[in-house]
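Accompanying notes for the structure given below.
Hydrogens, waters and symmetry mates play no part in the numbers below; they use all other heavy atoms, side chains included. Lettering of chains follows the sequences in order, A, B, ..., and the numbering in each one begins at 1. These numbers were taken from a predicted model, which means no experiment stands behind them.
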Amino acid sequence: METVLAFVIGILFAVGIYLMMRRSLVKLIIGLGVLGHAANLLIFTVGRLTRGEPPLIGKHEEVLSGTFADPLPQALILTAIVIGFGVQVFAAVLIKSAYRIVGTDDLDEMKSTDETQP
Amino acid sequence: MPSLILSTATRYLLPLMLLFSVFVLIRGHNEPGGGFIGGLVASTAYALYAISSGVEKARAALPIEPRYIIAVGLGIAVTSGMISMILGDPFMTSQWLDTVFPVIGKVGTPVMFDTGVYLVVIGVTLTIIFNLAEGE
Amino acid sequence: MNILLILPILVPFITAILCLFFWGRVHFQERLTVAGMLILLIIGIALLSDVHENGIQTAQLGSWEAPFGITFAADMLSSIMVTITGLMGLMTALYSVVGMDETRERFGYYPLLNILLMGVCGAFLTGDVFNLYVWFEVMLIASFVLLALGGERAQLEGAIKYVTLNLVSSAIFLMATGILYSVTGTLNMADLHLVVGDVKQPGLVTVLAMMFLVAFGIKAAIFPLFFWLPASYHTPPVAVTTIFSGLLTKVGVYALIRFFTLIFVHDTNYTHTLILIASGFTMVVGVFGAVSQLEMRRLLSFHIVSQIGYLLMGLGIFTAASLAASIFFMVHVIIAKSALFLVSGVVNRLSGTYDLKKLGGLYKASPTLSILFFVPAMALAGIPPLSGFWAKFALVRAGLEAEDYLIVAISLFVSVFTLYSMIKIWSEAFLKKPKVTPGQINFREADWLQMLFPLAVLAGLTLVLGIAVDPVYQLAQEAAEQLMNPTLYVTTVLGGE
Amino acid sequence: MLYAVVSGFGAALVAPLIHQSVRRWSGWLLVLLPLALFGYFASHMEQISDGEKIAFAYTWVPSLDVELAFMLDGLSLLFVLLVSGIGALIVLYGSAYLADHPQLGRFYAYLLMFMASMLGVALADNLITLFIFWELTSISSYLLIAFKHDYESSREAAKKALIVTGAGGLALLAGLILVGIEADTWTISELASRKDVIQEGGLYLPALLLILVGCFAKSAQFPFHFWLPYAMEAPTPVSAYLHSATMVKAGVYLLARLHPSLGGTDEWHAIVTGVGGLTMLIAGFIAWQHTDLKKILAYTTISALGILVFLLGIGTGLAVKGAMIFLLVHSLYKGALFMVAGSIDHETGTRDIAQLGDLAKSMPFTAVGAGLAALSMAGLPPLLGFIGKEIIYEATQEAHDLLPLVLTAAALLANIFNVAAAAMVTLKPFTGQAAHTPKHPHEAPLAMWIGPVVLGGFTLAFGVASNLLLKDFFAQTVAAVYGKPYEVKLGLWHGLNTTLVLSVVTLVAGGLLYAYLRQILPIVKPLNVGEKLGPDRLYDIGFEGILDFASLTERFFQNGHLRYYLMTIIFTLSSLLILTMTTQIDFDSIQLNVDDVLLHEYLLAGLMIAAAITITMTSSRLMAVAALGVVGYSVALLYVFYGAPDLAMTQFSIETLSVVVLVLVLYRLPKFKDFSTPRSRARDGIIAVMFGGLVTTLILIITSEPLQSRLSPYFAENSYVLAKGHNVVNVILVDFRGFDTMGEITVLGVAAIGIFALLKLRPSSRKEE
């Protein structure tokens with residue numbers, strides 16, 4: 001499955017990057033979202049996949065035994081998902097505010113801070 | 001115009017879902033769940049209430065500003081870590097009470113920490129949703 | 001467990017939480033923040049002296065032994081950075097009391113400032129790669145909000161670029177961290193030092209080095225990844241720009257130094273040469289940007305980029321002497337650059353503009369402000385006996401000793417233009433007859449003094465650091481020796497052996 | 001001795017305050033410091049003349065091998081006496097010259113700071129200490145040149161001086177460090193003993209060149225000389241002090257100081273003599289073509305500096321002796337003449353010699369000083385200038401290793417120009433017919449004429465009693481430069497010899513040049529292309545060129561387009577990855593393994609890809625958001641399949657929330673528009689696919705090897721035993737790595753505050769700062 005996912009992740013990265021390189025604010029934020037999914041999925045995949053065995057210690061057991069999914073990447077991804085959520089929601093609201101102030105969705109209209117001659 | 005059925009339903013659903021969210025929080029240490037997911041369940045309940053009955057009512061149903069919930073949550077989380085410092089252990093060393101409580105199970109600082117997470121998530125989600133909804 | 005390692009996180013965190021509780025009471029938040037920053041500075045100094053006396057300090061969070069839990073570790077570099085963070089926090093907070101508009105203060109300026117510093121300190125102290133990512137994010141989100149706080153058009157436009165490019169950096173960082181774990185099976189930096197050599201495909205470690213180089217390179221604003229900085233740094237209020245310029249890019253540099261002295265040292269011919277090349281371009285392109293500017297804060301922002309080149313130069317040369325020079329340079333540039341940004345704030349308060357074409361007459365209007373600009377400006381240009389001279393001298397000497405002549409030549413060439421751009425500000429904003437008459441110093445005497453106080457401290461420090469350079473330089477040397485000898489760090493963190 | 005240096009800086013700090021409190025008398029009060037310093041240094045004269053050296057060293061920065069080391073020998077004593085002595089006269093002069101200037105206090109501060117720095121340069125016995133003071137002279141001179149800061153010309157002149165000397169300074173720094181590294185010592189007095197090590201090392205030539213650039217820039221040698229005439233924008237006291245008597249001689253000083261360790265090689269002879277000779281001729285040639293007093297003096301100064309450098313380049317004992325005597329000669333007469341020029345300007349309102357005449361009557365004291373100085377400059381007996389010139393001719397004739405004839409001819413020519421210029425700056429203004437001047441001329445105040453008179457007096461006294469007053473002392477000065485003892489005999493009469501003939505020729509030719517100036521000028525004017533096409537223009541063009549290039553670079557890189565920024569970053573990362581992977585990765589290990597993939601997994605992967613493609617293709621915002629949601633839910637489903645229930649639950653709820661927020665946010669935003677051209681879409685597509693491909697390759701390489709986690713077994717074993725939790729993921733989150741979670745909820749909290757502030761705090765609701 002890693003092989004298949006490798007291609008899926010590659011496509012997600014390409015799509016995310018491509019969207020972010022558009023001039024539209026909306027595509028930018030959606031691109032960021034795709035990029036986030038891609039990164040999380042990547043950690044999950046390179047952390048190796050184990051089908052169906054969650055890292056839960058049985059009711060009457062003391063240690064996790066047998067095959068089980070690596071819990072650490074899961075914990076990392078969980079943290080990353082939540083952080084990503086916070087950051088992306090903020091970015092979305094930022095874009096909304098920018099649209100409200102600048103009055104356009106076109107990033108090419110938002111170059112004033114890079115213009116040398118004021 | 002919020003539908004009457006939905007608003008009536010959510011009014012009864014709200015306490016139930018809140019209860020459920022606490023349950024998800026508590027069982028998280030041993031089963032899938034935890035503060036984060038619990039917090040999301042609770043805030044979804046409020047969000048539904050806000051959609052069906054309006055933001056003002058949802059705000060009124062909340063005892064305090066969501067912002068303070070965040071502050072309280074963060075405060076609880078950091079306090080849970082500092083308890084061990086007072087007891088002379090490194091920061092965030094887990095401390096457990098020996099007694100096992102009914103329903104809740106074992107009580108210790110990690111559970112307290114998770115409660116902090118739970119509250120922060122509620123506060124954050126509600127802040128976002130209320131403000132976004134009001135903005136429109 | 002050394003409590004001094006955790007306090008730099010806890011103090012700003014608790015201050016921030018208290019500020020949240022006292023949301024409406026801005027003046028109380030001001031005082032709380034100033035007090036918190038003062039404590040942070042004191043903790044920083046205590047940590048510095050502790051590490052100086054007793055060697056590298058560690059703390060295993062939650063008592064979980066390394067590498068299983070999260071380790072905090074403070075070597076000299078970390079301690080120096082934490083101390084300077086405390087100093088910057090205190091100065092910015094003091095300036096903000098008068099220099100920040102109340103509307104922003106009402107919308108969470110102080111809690112955000114505290115959390116920003118919490119993230120910065122966390123990044124400096126953690127010994128765990130993923131935990132570093134978390135602190136980066138804490139710092140970033142706080143900086144996002146601080147940057148956009150106020151919602152002016154320029155701020156929002158700047159923030160979009162800043163946010164997007166930094167999120168790309170975070171995504172690369174996250175990817176790299178995931179891959180690092182999947183290749184080595186660990187996240188603890190000390191542990192990584194031990195196991196990167198065992199990776200079956202050594203090339204993968206270099207690939208990872210490249211990913212981290214780009215991820216941190218974006219944060220550190222090196223060439224050609226720096227675009228977000230000049231696009232955004234001049235848009236928020238000056239106090240925010242000051243703390244950003246002082247600390248944020250430096251966290252990126254810190255991370256580069258940490259990773260490329262502790263983890264990625266297996267193929268320095270390749271990795272560190274790349275860093276050296278980047279450093280040369282960063283210096284030149286940064287200073288070229290600076291000399292082209294007519295807006296004071298933009299000019300200074302481009303200089304940040306240029307100075308980052310100097311900081312990297314020491315890492316690229318990769319000797320104990322060059323690293324020491326870089327660390328000293330970092331301390332110097334944080335102080336000098338912050339002083340200059342604060343001056344630009346006062347200038348704006350007096351004249352109502354940052355535009356060099358319109359400015360003028362400040363030399364006559366305020367001799368005090370003139371001195372407070374001229375000293376750090378000359379320090380930045382590397383004029384002796386100010387701090388910048390020693391930084392430059394040490395770096396050039398290290399470069400010549402290592403026979404890296406080209407980069408030395410570039411750094412000296414850039415230095416001429418640094419001087420030129422500082423003189424440009426001086427000549428235009430201070431000496432020239434003004435187009436806009438600078439306003440009377442029409443705020444209350446006490447406010448005026450309070451605005452100038454942090455400036456005077458920072459400007460004074462560039463002088464003090466220039467004259468009493470030895471004690472500080474020795475600390476930098478000590479830090480560099482620890483970095484060049486990572487075994488020390490590794491055994492302290494992992495214990496035993 | 002440290003106090004002697006530091007006192008100047010201290011005085012500079014308090015000078016404005018002193019000036020504020022005593023106003024009129026501040027000059028007379030502040031002059032006490034340079035006078036005291038002069039006295040202090042003069043008191044060592046006897047010791048030094050006996051061949052002693054006085055050294056002091058204080059530890060300063062041991063970690064960088066810099067100590068605050070000072071040494072007083074014949075060479076440094078000559079310099080510090082000039083600096084403090086002329087400094088005293090200038091403080092007085094300045095106090096009257098700028099009597100009503102509102103910023104006189106600052107003037108004193110800069111002047112004293114300069115004096116202290118100059119003393120530091122002359123006394124320093126550590127390469128870096130010397131450099132520090134050297135740079136301080138540049139900065140204080142910048143402040144002084146820009147003193148009349150309301151004028152753009154002043155500001156630009158100061159900037160030019162600072163950039164040229166500053167750039168030279170950086171070259172010098174590199175050179176000094178190379179010498180320090182090669183010699184393995186930073187103490188200047190120890191360098192001579194390691195002469196062989198330095199000169200035979202591979203770094204000798206670069207070090208020498210770099211140091212020479214620094215010295216030449218400071219001492220206004222060709223082709224770096226052009227900043228000096230501009231620097232005449234400074235108030236005249238400054239020109240008199242810095243740009244004639246002291247600062248510009250710092251380069252000469254350093255050449256002299258390093259002569260024992262760096263000198264004597266073929267490279268030294270060729271470059272130093274050549275540059276010096278060229279400078280003295282070019283500047284001398286230009287000098288007498290000007291009519292502005294200060295311009296004439298500026299060019300003769302450059303010429304004189306050229307002579308000094310020229311002599312040091314020759315480097316024989318006689319040449320060194322000539323250089324040292326001429327250095328004293330020049331400082332005395334040029335300081336005096338500059339002050340005279342300032343007085344004339346101050347009292348008549350002009351310094352154009354065409355508009356001046358017959359001032360000797362109205363300004364008698366000034367005229368005396370001017371006369372003595374000019375006679376010395378022209379090299380007439382019995383003034384010291386005559387002795388100086390004689391030794392120069394002797395030295396050039398005796399430079400057997402080089403080209404004595406050429407050198408003598410060059411010196412002769414330079415001296416002829418000098419004579420003409422001397423005549424111009426004194427004969428023209430002070431004699432002949434009275435001319436109409438903007439102000440009615442009258443004598444300058446005491447503080448202003450005392451300087452020229454005192455300096456003129458010294459010139460006379462030294463000339464008449466040269467052997468008595470200077471012999472022993474100069475023996476030490478010359479020894480310090482020459483590197484070994486050298487007997488110095490001085491005197492006005494050397495017998496009838498070629499040298500005397502040369503002196504006479506100089507005077508006659510110089511006189512003729514002055515007399516027929518009006519006829520000669522039109523002939524030489526066309527020759528004088530140097531001012532238009534010379535180094536000055538080159539500097540302007542070059543510097544402007546770099547600035548233009550800089551702003552071009554800036555606009556190219558910082559172009560305001562987020563997508564280009566992003567593209568550059570992705571492109572950089574991709575290039576680095578490709579470069580690394582192609583050289584260091586073994587691609588054979590890649591295993592494409594799809595045997596175990598189940599049908600529903602294929603479907604899920606297909607769904608994700610389809611959704612992703614949909615996002616790029618759709619023109620509807622809601623469709624894009626929905627497709628994004630599909631990707632998110634599919635990821636969640638994948639988590640379910642692969643043993644991550646906590647992740648799945650989180651992903652589900654977060655995804656729901658994200659979609660809600662996105663819909664709320666995007667509700668008001670416009671429809672997708674296609675702004676970009678097909679070409680840019682194709683280009684972006686290629687870059688995106690390239691990056692995606694790299695990621696895929698990387699994953700394939702990584703997953704071909706099994707993972708040996710060093711951490712997870714520990715979690716598996718201790719999650720329940722030590723941390724009392726069955727859900728390992730949750731235990732990691734709240735306990736093992738609880739600190740991560742702490743950071744994570746902080747991020748959330750800050751995001752919420754940010755969103756609140758963004759939505760509620762709008763610029764319109766805020767009053768302007």
**OP:** May I ask you to list the residues in residues 13-23 of chain B that approach chain D closer than 4.5 angstrom, counting heavy atoms only, ordered by number?
**Re:** none
**OP:** Identify the two heavy atoms, one from D/Ile745 and one from B/Ala77, that lie closest to each other, and give their separation to 0.1 Å.
**Re:** CD1-CB, 3.8 Å
Original post:
Looking only at heavy atoms, what is the nearest atom pair of B/Ile70 and D/Ala752, with distance?
Top reply: CD1-CB, 3.8 Å
Original post:
Are any non-hydrogen side-chain atoms of B/Ser94 and D/Lys724 less than 4.5 angstrom apart?
Top reply: no
Original post:
B/Arg59: what forms a salt bridge (charged side-chain N to carboxylate O under 4.0 Å, His left out) with it, not counting sequence neighbours?
Top reply: B/Glu65, B/Glu134
Original post:
So which part of D/Tyr720 gets closer than 4.5 Å to some heavy atom of chain B, the side chain, the backbone, both or neither?
Top reply: side chain
Subject >> Inter-residue atom distance B/Thr127.OG1 - D/Phe756.CZ, 0.5 Å rounding >> reply: 8.5 Å
Original post:
Shortest non-hydrogen contact from D/Asp735 to B/Pro110?
Top reply: OD2-CG, 3.8 Å
Original post:
Which bit of B/Val120 comes within less than 4.5 Å of chain D, counting heavy atoms only: side chain, backbone, both or neither?
Top reply: side chain
**OP:** Could you tell me which of D/Val734, D/Val731, D/Thr650 has the largest number of non-hydrogen atom pairs under 4.5 Å with chain B?
**Re:** D/Val734
**OP:** Determine whether D/Leu657 and B/Ile128 make a side-chain contact, defined as any pair of heavy atoms from C-beta on separated by less than 4.5 Å.
**Re:** no
Subject >> Nearest atoms (heavy-atom pairs only) where D/Met742 meets B/Phe113 >> reply: N-CZ, 3.7 Å
Subject >> Residue B/Thr125 versus chain D: region with a heavy atom under 4.5 Å >> reply: side chain
**OP:** State, with a plain yes or no, whether a side-chain heavy atom of D/Val661 is found less than 4.5 Å away from one of B/Leu132.
**Re:** yes
**OP:** Against chain B, work out which of D/Gly738, D/Ser719, D/Pro645 has the most heavy-atom pairs shorter than 4.5 Å and name it.
**Re:** D/Gly738
Original post:
Quick check: does any side chain N or O of B/Asn30 sit under 3.5 Å from a backbone N or O of D/Asn727, one acting as donor and the other as acceptor?
Top reply: no
Subject >> CG-OG1 distance between B/Asp114 and D/Thr741, expressed to the nearest 0.5 angstrom >> reply: 8.5 Å
Subject >> Side chains of B/Phe36 and D/Ile654 in contact at under 4.5 Å (non-hydrogen atoms) >> reply: yes
Subject >> D/Ile755 versus chain B, the contacting section by heavy-atom distance below 4.5 Å >> reply: side chain
Original post:
Checking side-chain contact (heavy atoms from CB on, under 4.5 Å) for the pair B/Thr44/D/Thr656: CA distance, chi angles, key distance, verdict?
Top reply: CA-CA 10 Å; B/Thr44 312; D/Thr656 312; over 6 Å; no
Original post:
Side chain, backbone, both or neither: which part of D/Ala723 has an atom under 4.5 Å from a heavy atom of chain B?
Top reply: backbone
